[in-house]
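Step one of this worksheet: look at the structure below.
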Amino acid sequence: MPSGMRTYGTRRRYVSKDNAIWASLDELPQALHMIDTNVTNNEFNKHTSSFSLEIDKKSSGAKRSEDKSVKSLPKAVDKTDGRHSKSNLHLVPTIVVPSHGRNINETKDNSALNTSTSEPKSTSDTNTRLQENSHKMPTQLAFLLGLVDQEMPVSFKDYIKSFKSPIYKIGEASYSEVFKVEKDEPIVLKIMPFGKKNQIRCSDIINELKITKKLSKLEGYVNLRRAIIVKGTYPSILIEEWDKYDLQKESENERPNRYHSSQLYCILCLNHSGTDLEHVELSNWFEAWLIFNKTMKVLAIGERNFEFEHRDMHWGNILIKRRDDEDLSYLLDEVSFDEFDSSNTSLTVPERSSTADSLDITLIDFTLARMRHTGSSSPIFNEFDDPDLFNGRDDYQFDIYRLMAKVTKGHWDEYFPKTNILWLHYLLHQILYRKTIPKPRDHHEQQLMERLKKLFKLLEPLQRSRRGSCPLQNCAFSSATSLDEWVSQRFDE
Ligand SMILES: Nc1ncnc2c1ncn2[C@@H]1O[C@H](COP(=O)(O)OP(=O)(O)OP(=O)(O)O)[C@@H](O)[C@H]1O
């Protein structure tokens with residue numbers, strides 16, 4: 001089995017081809033037990049932990065010999081991933097898939113689509129039906145279907161056909177293709193094939209889905225309209241759009257026409273929430289400040305409500321939407337700054353509500369996130385059991401995974417809001433040193449830039465600490481909440 005790593009976007013996340021074995025474990029026909037929709041994925045993981053240990057060793061071993069490949073990665077490395085191999089077909093759950101009319105109709109009806117504010121209707125009725133079906137399919141798949149209130153996967157082609165509006169591809173990532181359905185209120189379809197080698201684990205989808213549903217209610221977190229499990233070959237309309245994208249932007253993924261009729265996918269139907277920070281142009285330092293400040297506040301809201309840590313907040317996962325594409329620069333005239341003059345404690349108001357409302361930020365992609373349901377003792381979290389996560393080089397993003405490992409000491413289930421501070425430091429780094437923002441045009445913009453630089457120094461993870469000591473040990477801020485409070489007081493916002 002060839003092994004290798006790949007990056008997406010401008011060195012976004014990478015996946016290891018060594019994780020193939022996880023997919024097969026994912027579909028291990030475990031002893032079927034009662035389907036409890038309150039069970040978190042991590043409770044499932046307990047069942048497979050004995051296997052995981054073995055996998056980690058194998059995977060780490062393979063990785064060590066691959067370390068050199070991290071530095072300069074060929075595009076679309078390792079296309080021969082075995083997905084066509086007949087020997088892998090046994091991993092596909094054998095289930096009869098009737099076309100599921102109800103869900104298709106729901107897509108035409110926006111009110112039916114909008115399930116974002118409600119928990120999945122996993123009634124005892126549904127559970128009974130699921131238990132009846134459970135002998136036919138692996139437990140995790142049955143659980144996932146229960147989460148999205150389906151008995152069976154629906155036909156991929158039928159589901160896509162039910163959209164009467166134009167669809168085109170807008171993005172891609174390690175495990176997904178992302179399409180946009182043009183409507184008055186556009187919908188984003190994040191399509192994740194799962195259940196086979198080199199595909200996202202069913203357990204990871206369960207976590208992402210649960211967290212996305214929960215956070216959907218909070219401002220600044222992507223709104224999930226619905227999720228659906230589909231099955232079949234890739235619809236030709238999507239392949240055509242995939243080809244157009246490939247021509248224009250050169251895709252790093254494999255052409256999705258390769259999928260077998262037994263392929264399963266989870267589709268997240270999300271609100272379209274703008275352009276990711278990596279691909280958005282920032283026109284001035286006022287915008288730069290708004291993005292940092294709003295991201296910090298969104299994280300603080302998540303912390304306060306759900307002990308939330310994003311744990312993967314790279315610039316592809318922060319979406320920016322300008323309201324009416326308004327040029328914010330004229331507002332700079334109304335801002336006065338002396339904030340780093342220590343004699344000045346009560347400072348000016350840099351943002352009126354109208355200016356703060358001119359740009360929205362939205363966080364997406366909660367595959368690696370951690371949160372705890374209010375009133376529930378078991379957190380939802382990712383085990384971070386892909387050793388490759390910690391081996392990336394040449395981008396500060398990859399250092400953050402290693403720093404997080406130091407902060408958490410491997411206790412990924414516990415609450416360490418310092419990880420949010422690490423990602424905020426990364427965000428400042430990207431804004432200050434990776435985006436090309438025009439030079440400050442006046443004193444006010446200059447002050448904002450200085451403010452961001454000052455914060456970058458304050459949040460430095462390894463400041464004044466000895467090598468090997470815990471990151472952020474000497475940093476005054478232990479969470480986005482505490483930073484937000486300090487920033488609000490300091491800048492009187
Ligand atoms: N709701 C949305 N609105 C607008 N664009 C989106 C939305 N969701 C995803 N995208 C686009 O698709 C890209 C990939 O989405 P996402 O990060 O969720 O995929 P992923 O497979 O989880 O990626 P990663 O490699 O970070 O794990 C984003 O960087 C963004 O450009």
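Start at 1 and go down the list; that is how both ligands and their atoms are numbered. By convention here, the first residue in the shown sequence is residue 1. Just the heavy atoms: all of them, side chains too, but no hydrogens, waters or symmetry mates, feed the values below.
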Of the non-hydrogen atoms in [X] and [Y], which two are nearest, and what is the gap between them?
{"X": "E309", "Y": "E414", "value": "OE2-O, 3.6 Å"}
{"X": "E303", "Y": "A480", "value": "OE2-N, 2.8 Å"}
{"X": "K435", "Y": "L277", "value": "NZ-O, 2.6 Å"}

Within reach of ligand 1, part of E278 (heavy-atom separation under 4.0 Å):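 No part of E278 comes within reach of ligand 1.
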How does T275 reach ligand 1, by side chain, by backbone, by both or by neither, if only non-hydrogen atoms under 4.0 Å count? neither
Mark up the atoms of ligand 1 that fall under 4.0 Å of a heavy atom belonging to [X], in ascending order.
{"X": "D276", "result": "29 (O), 30 (C), 31 (O)"}
{"X": "S273", "result": "3 (N), 4 (C)"}
{"X": "I170", "result": "5 (N)"}
{"X": "A173", "result": "14 (C), 19 (O), 20 (P), 21 (O), 23 (O), 24 (P), 25 (O)"}
{"X": "V222", "result": "1 (N)"}
{"X": "G274", "result": "4 (C), 5 (N)"}
{"X": "V178", "result": "9 (C), 10 (N), 12 (O), 14 (C), 15 (O)"}
{"X": "H272", "result": "3 (N), 4 (C)"}

Decide, yes or no, whether a salt bridge links [X] with [Y] under the criterion of side-chain N to carboxylate O below 4.0 Å.
{"X": "E307", "Y": "R370", "answer": "yes"}
{"X": "E219", "Y": "K297", "answer": "no"}
{"X": "D360", "Y": "K321", "answer": "no"}

For ligand 1, which is the ligand I care about here, please tell me if [X] has any N or O atom under 3.5 Å from one of the ligand's N or O atoms.
{"X": "D312", "value": "no"}
{"X": "K190", "value": "yes"}
{"X": "G316", "value": "yes"}
{"X": "S174", "value": "yes"}
{"X": "E208", "value": "no"}

Contacts of S176 meeting side-chain contact (heavy atoms from CB on, under 4.5 Å) (sequence neighbours excluded), chain-then-number -> A173, V178, K190, M192
Proximity winner for atom 2 (C) of ligand 1, if only heavy atoms of L319, I200, I364 are counted: L319
Can you tell which of Y396, F308, F416, Y401 makes a ring-ring contact (aromatic ring centres under 6.0 Å, His included) with W423?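 Of the listed options, the one satisfying the test is Y401.
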Can a donor-acceptor pair be found between the side chains of K157 and S236 at a distance below 3.5 Å?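 Absent: no donor and acceptor within the cut-off.
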Distance alone, cut at 3.5 Å: any donor-acceptor contact between the side chains of R225 and N271? yes
